Amino acid sequence: MHDFDYVAPTTLDEAIAALAKHDGQARCLAGGTDLIDQMRTGRRRPALVVDVKKIPELNALVVSDDGLRLGAAVPCSDVYRNEGVAQDYAALADAARIIGGIQIQNRASIGGNVCNSSPAADSVPALIALQAVCVIAGPNGPREVPIERFFTGPGGNVLEAGELLVELRMPPRPPRSGSHYRRFIPRNEMDIAVVGVGASVQLEDDGRTVAAARIGLGAVAPTPLLAEEAARVLVGRSVDDEAALSDAAEAARAVIRPIDDMRGTKAFRSHVTGVLVQRVVRAAAARARGESLDYCPGH
Amino acid sequence: MATVEKQRQRKYRVLGTRPVRHDGVDKVTGRARYGADTHLPGMLYAAMLRSPHAHARIVSIDTSAAEAMPGVHAVVTREDFPDVSNRIVELGEGAVNLGHLSQNVMARNKVLYKGHAVAAVAADSIHIAREAAQRIRVEYEILPPVLDVLEAMSDDAPVLNEDVRTEEFGGGTGDRPTNVAKHFHYEKGDVEAGFARAAVIVEREFRTATVHQGYIEPHAATALWNPDGHVTIWTCTQGSFTARQQTAELLGLPVSRVRVIPTEIGGGFGGKISVYLEPVAALLAKKSGRPVKLVMDRSEVLEGTGPTPGSYIRVKMGADRDGRITAAEAYLAYEAGAFPGSPINPGCMCIFACYDVPNGRIDGYDVCVNKPRTNAYRAPGATNAAFAAETVIDEICEQLGMDPLEFRLKNAAVEGTRRIDGVTYSRIGMKETVEAILNSEHYRSELKGPNRGRGVASGFWFNVGLKSTVVATVNPDGTVSLVEGSTDIGGTRTSVAMQLAETLGIAAEDVQPLVADTDSVGYTDVTGGSRVTFSTGIAAIEAAKDIQRQMCERAALIWDCPVDQVRYEDGRVVGPDGQAFTFKELAALVPSTGEPIVGRGTSGKANQGGAFATEVVDVEVDPDTGKVQILRFTVAQDAGCAVHPSYVEGQMQGGVVQGIGWALNEEYIYDDQGRMLNNTFLDYRIPTCYDVPMIDTIIVEVPDPNHPYGVRGVGEVPIVPPPAAIANAIYRAVGVRMDRLPMSPPRVLEKILQSRAAAPAQ
Ligand SMILES: Cc1cc2nc3c(=O)[nH]c(=O)nc-3n(C[C@H](O)[C@H](O)[C@H](O)COP(=O)(O)OP(=O)(O)OC[C@H]3O[C@@H](n4cnc5c(N)ncnc54)[C@H](O)[C@@H]3O)c2cc1C
C-alpha cells in the first residue's frame, strides 16, 4: 500500500476544507470496508484520507414526524437495530442486515455504500423505494439530490471535489404502507447482488388495492434505477392480481440494461428481475397490512 | 441433528474415545504458528511478479529498475535456476518431471498460465518488494491460449510444451509435440457382449469445472541460506520430506543440505505437496545473504497454485432387467493445466470402483491447457468421475423403476471383486455403507413439499500406505514423548498418539506428540492419500512394541530372571512369581537401572484396502431462480476403526461440505484470453455456514485387514459422492438432469426453462 496522510476532523467545515485543499486527491473514510480494500489492492491511491466518523452531523439517526434522518457515517448495525427504522423503513433495515457479515455491519455505513456507488450496492434500491434524498455539503454550500439521480455510472456519482454526503433524508411513511428489499445471490450470504429489488407499497383501505408504489432496482444497469412504470402499472390494481404483478415484472424488465458477466448473464438477470419484483411487491404489501414476513435472507 | 454412531462393542480402551486434541489449546488461543508467522532477525520480505498472460513466450526480462530501488536486496528470475530438464524423480506419491516442476516454480522460456511466476524480489518491506516487482520489465510474445480440454486435444490446438509426447499405457510414445501427455486404457471382459445383454443402456456426457482446495491458509515459506551452504526452510507443507527433496532437486543440492521445518498448517487437501515458494525464497536468501519470507495472497493462491482439473467425461452403462450391471464404458479427459500430471489415472480407476462390473472399458487422457498446473485435491480425480457414473446409474434406476440403493446393493463390489483396472479387493465396506443409508432415519423419512427431492450416490477412494517413522521416548514420569514426521492437518497428532497409547495400555493424554523437522526424525511421506492415521499409526504401533520389548528386558534385569518369562500385558509388565510393574512404575525406574528406553517404528509395507461412502441429500430448488438449498445431508462411511470418532465425523462433514461447494457454485471462471475473472473468495464461492445444514454422519466400521486395529483412512472419500447425489436430488425435485458442474443457479434455471418450453404446462 502507498503512503498517505490521515485526518479526522470533528466539524463539517474542517472536513470540507481538508477535502477541498487536496482537490480530488482526498477521500472520505467512513467504515472503510470499501475504501481500505481498494487502497490495499491499489485501485484507489488517495493522498489524504479524511475520517468522517467524528463529525456529529454524519452520526445522526432520528426517526420523527418529519421522517428519517440518517447520518452518512452511521453503521449498518445501528440502522437495523433502530426500532423506528425496522418498523417504518423496513426495506432499509432489510438491506443493512445483509451487507456483509456482522463484523462488516458494525463498520460499514449506508453513506459509504451510497458513495462507493456500485450498481449492486444493497442499500440503494431500498433508499429509492423509500424516496431518499442525499444531503450534500461542500465548498459552495449545501445541496440536495434525490437518490435516484445521485449516480452517474459504476463507481461514479454527482459529488464534486470537496463535497461530502452528510445525510440521507426520507419522508415520513404514509399510512398502510410497507417496504421490502431482497436480492438474488448464488450463495446465502457474503455475496454481491446479481439482482436487487426494493419496493414500497401503499394500500387502499381494503388492504389489497395498490394506492401508490415505488420500485428500485440494483445490479441490472450501470446505475441503480427507479422503475417508475413498473410501479405505475400496479396502482389501482390488487396485489393478489397475478396479471398486475406480471405487468410490473415486465415493465421492470423493460427498463433494465443488464450486462453479461461472471455473476450472471443478461438473460438470467432479466428473468430474475421479474421474479424478484413480484416477490418483493407481495412482501411489501404484506407488511403494509401489518403481517410479518417469513423470509430468510439469501434464500 | 445428532450424529448417529453405530453401537459397537468396546474392543479397545483408547481407540474409539474422544480425548481433547494435543494441539487444541494452541490452535484455539491463536498461539499456534502457521507459515506466515515465521519471523527471523534481519528477515526480508519478498513479492512475486506473475504473468498477466495465459500463454506467451518470454522474450526478455529486465530487472534493472527493480534492483536500483532503495531497499531492494535481491531479484531472481529463470537465470538463477539450474537447468534440470528431463530429469524424472520419484517423490513419494509418484514420478515427477523435474524440468516441468522447475518451470512451474519459475517460468523459463514460456509462461503457460496467468499467474505463472516470472520473477521475485526481496526487500526491506513487502511494500517495497511489491513496488519493485512492478518495475521489472518483461517482454512477452503473446501466443493463443487453449483453455478447453477437448479443444486442447485437437491436432491444430496451440501446443504448450514442446517436449510433451503422448505416452501410451503399456508402452509406446507419440512422435510429435502434443498437449495429450498420457493415455490410460483399462479393459475387462467382453464389453460389446455385455451391452448386447443389457435391457437398459444409458450414455451421457459430463463436464466439471476447475475447482480449488480453498484451504484457509495461503502458502508461505521462509528461507535461510547459511554461508556454509546449508539451507533451512520454514513452510506450511503437507510433507516436509517431499518439500526437502523437491527444493534440493530444483536447486541442485544434496538433500542433506536442506532442512525443512514444518510450521502448523491451515489446510492443504493435496494442494500443499508441490513446492511453489520454497526454492524461490531459498535463492533470494542466497543472493541477499538474509533470511527471506515469501507469502501468497488469496489471488496468488487461486491463480498460481494447483487446483483440481476441469474435465470432460462420457459414461455408458448397461444393466439387465434385474438391475445387474452388464457392461460399463468411460472416456475421461482431464485438464492437467500447464504441465502434465492431472489425476486422470485415479479418475479412471475410481469411476466404476464401487461396483462389480463384469465387462468394462476405460480410456483416460491427461491434457495440458493454459491453466495452473493442477494438483491433488481430496480423492483427486474421483469426484469428477463419480459425478458422471453415479448420475448415469440414477437414470438407469429410474428406467428400471428400481430404488437406487437397492441397485447399489445388488451391484456392490465386495471382497474378491476385481476392478476393471485389475485390482482385486480385500475386505471392504461398500455394501455396509449402502445398508447404513438404507436403514437410516433420513432415508426412511418422507420428504414432503413442492420442488423438493432426494438423491443418493456412492464413492470410492484408494487411500495409500507409503512410509512413516516414529520415535518414542519413555519419560520417568510415565509419559511417552512421540516424535513423528507427519504434519498434522486433521488431528493426526492425536490419532497417532492414541494408537501408541492403546498398544502400550496407557492414556492418550500420557503421550506427547511432536511433529519434527527433516533433520530430527526419520523419513516420512506426505500427509495425503488419507494415510497418516493408517501408516504413521502403524509406525507408532511398532514403536510401542519396541518399547514393550525394552520394558520387558528392563524388568527381567531388575527381577534377575530370563526375559522370556516376562511379558507385556494390559499396560503392565508381568514376570514370574506374580511380580508386576505398571507402565508408570517401571518408567520411574528406567533412569536408575540402565540405558534410556526409546522405541522406534517405521512403516511402508502395508497398503490400504480402500474406503467407501454412500450419501443421501434432500434439496429444495427455487424453480424461478434455479437456486438449490441443501435441506438435509447424511453421509455413511467405512472408517475401518474410528480411532477418534469426532475427527472421523469432522473429516466426513468437511469432505461433504467441499463436495457441496463443487456441486453448487465453485468454479474457475475465465475470459477468452485465459484470465481468471473470479480470483478472490468473493466470486470464487465456497459454501458459507448459511449454505450447508449440519451434516449427519454414520460411521461404519469394517476393519481393514492391512492394519493391526483395522484402521482405514477417512479424509478423502466423503467428498466423492456429493455432486452426484445433489444432481440426482435436483432431478427428483424439478425433473431436470444436470450434466455440468457446478450446478449454479443460472445453469439450473436454464435447464428448467428449457424443459418448460419443451413440455408446456397443460
Ligand atoms: C466482506 C465484505 C462484504 C461486503 N458485503 C456487501 C454486501 O453484501 N452488500 C453491499 O452493498 N456491500 C457490501 N460490501 C461493501 C461495503 O461494505 C459497503 O459498500 C459499505 O456500506 C461501505 O461503507 P463504509 O462505511 O465501509 O464505506 P467506506 O469504505 O468508508 O467508503 C466507501 C466509499 O465512499 C466514500 N465515502 C464514504 N463516506 C462518504 C461521505 N460521507 N461522503 C462522501 N464520500 C464518502 C469513500 O471515500 C469511499 O470511496 C462488503 C464489503 C466487504 C469487505
Side-chain angles (χ1 to χ4, degrees), chain A residues 1-4 33-34 37-43 45 97-102 104 118 120 182-195 197 245-246 249 258-280 282 295-299, chain B residues 125-131 133-134 209 297-299 451 620-631 660-661 663-671 675-693 742-754 756:
Chain A
M1 204 192 276
H2 70 290
D3 292 339
F4 58 88
T33 59
D34 279 317
D37 193 50
Q38 289 161 1
M39 287 169 62
R40 195 181 56 81
T41 54
R43 271 179 293 161
R45 299 172 70 93
R97 217 175 266 124
I98 56 175
I99 290 178
I102 289 168
I104 295 291
S118 156
R182 185 181 292 204
R183 67 181 177 184
F184 180 82
I185 54 172
R187 278 190 298 212
N188 292 335
E189 207 223 356
M190 279 293 169
D191 228 319
I192 293 187
V194 177
V195 178
V197 176
L245 288 173
S246 83
I259 53 166
D260 271 326
D261 71 2
M262 61 175 165
R263 296 185 184 125
T265 59
K266 278 183 201 160
F268 183 76
R269 284 196 157 100
S270 170
H271 180 90
V272 173
T273 299
V275 172
L276 285 199
V277 163
Q278 302 190 33
R279 289 181 184 177
V280 172
R282 262 196 215 105
Y295 154 69
C296 186
H299 286 225
Chain B
S125 81
I126 186 64
H127 304 290
I128 298 172
R130 288 206 183 114
E131 191 83 38
Q134 290 314 314
D297 67 19
R298 182 58 59 185
S299 299
N451 304 311
E620 180 172 324
V621 182
D622 184 331
D624 296 314
T625 64
K627 187 165 167 178
V628 176
Q629 299 290 345
I630 309 291
L631 302 174
I660 291 173
L664 296 185
N665 279 305
E666 289 187 41
E667 66 178 313
Y668 275 47
I669 304 172
Y670 285 96
D671 67 12
R675 286 177 293 240
M676 187 185 186
L677 297 172
N678 57 336
N679 64 1
T680 70
F681 272 162
L682 177 57
D683 285 305
Y684 181 89
R685 296 188 181 84
I686 60 175
T688 72
C689 57
Y690 290 93
D691 299 302
V692 288
M743 300 176 281
S744 54
R747 292 221 178 104
V748 176
L749 182 68
E750 195 183 350
K751 286 260 185 191
I752 292 173
L753 295 180
Q754 275 168 9
R756 268 190 214 155

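Just so you know, these numbers come straight off a predicted model, no measurement behind them. Chain A is the first sequence line, chain B the second, and so forth, proteins listed ahead of strands; every chain is numbered from 1.
Not a single donor-acceptor pair under 3.5 Å links the side chain of B:Arg130 to the backbone N or O of B:Ser125. With B:Arg675 contributing its side chain and B:Tyr670 its backbone, the two residues share no donor-acceptor pair below 3.5 Å. Within the 3.5 Å criterion, the main-chain N or O of A:Asn188 finds a donor-acceptor partner in the side chain of B:Asp691.
Every residue meeting the side chain to side chain donor-acceptor pair (under 3.5 Å) condition with A:Thr41, not counting sequence neighbours, appears here in chain and number order: A:Arg43.
Note on B:Leu677, B:Asp671, B:Leu682: by heavy-atom pairs under 4.5 Å with chain A, the leading option is B:Leu682. The greatest number of non-hydrogen atom pairs below 4.5 Å with chain B, out of A:Val195, A:Val275, A:Val194, is found for A:Val275.
Of the atoms belonging to B:Thr625, heavy atoms from both backbone and side chain fall under 4.5 Å from chain A. In this structure, chain A has no heavy atom under 4.5 Å from any part of B:Leu664. Only the side chain of B:Leu749 comes within less than 4.5 Å of a heavy atom of chain A; its backbone N, CA, C and O stay farther away. Within the 4.5 angstrom heavy-atom criterion, only side-chain atoms of B:Ile669, from C-beta onward, approach chain A. B:Asn678 touches chain A through backbone and side chain together, each having a heavy atom under 4.5 Å away.
For the pair B:Arg685 and A:Pro186, the minimum side-chain heavy-atom distance is below 4.5 Å.
Salt bridge status for A:Arg269 with A:Asp261: present, with a side-chain N to carboxylate O gap under 4.0 Å.
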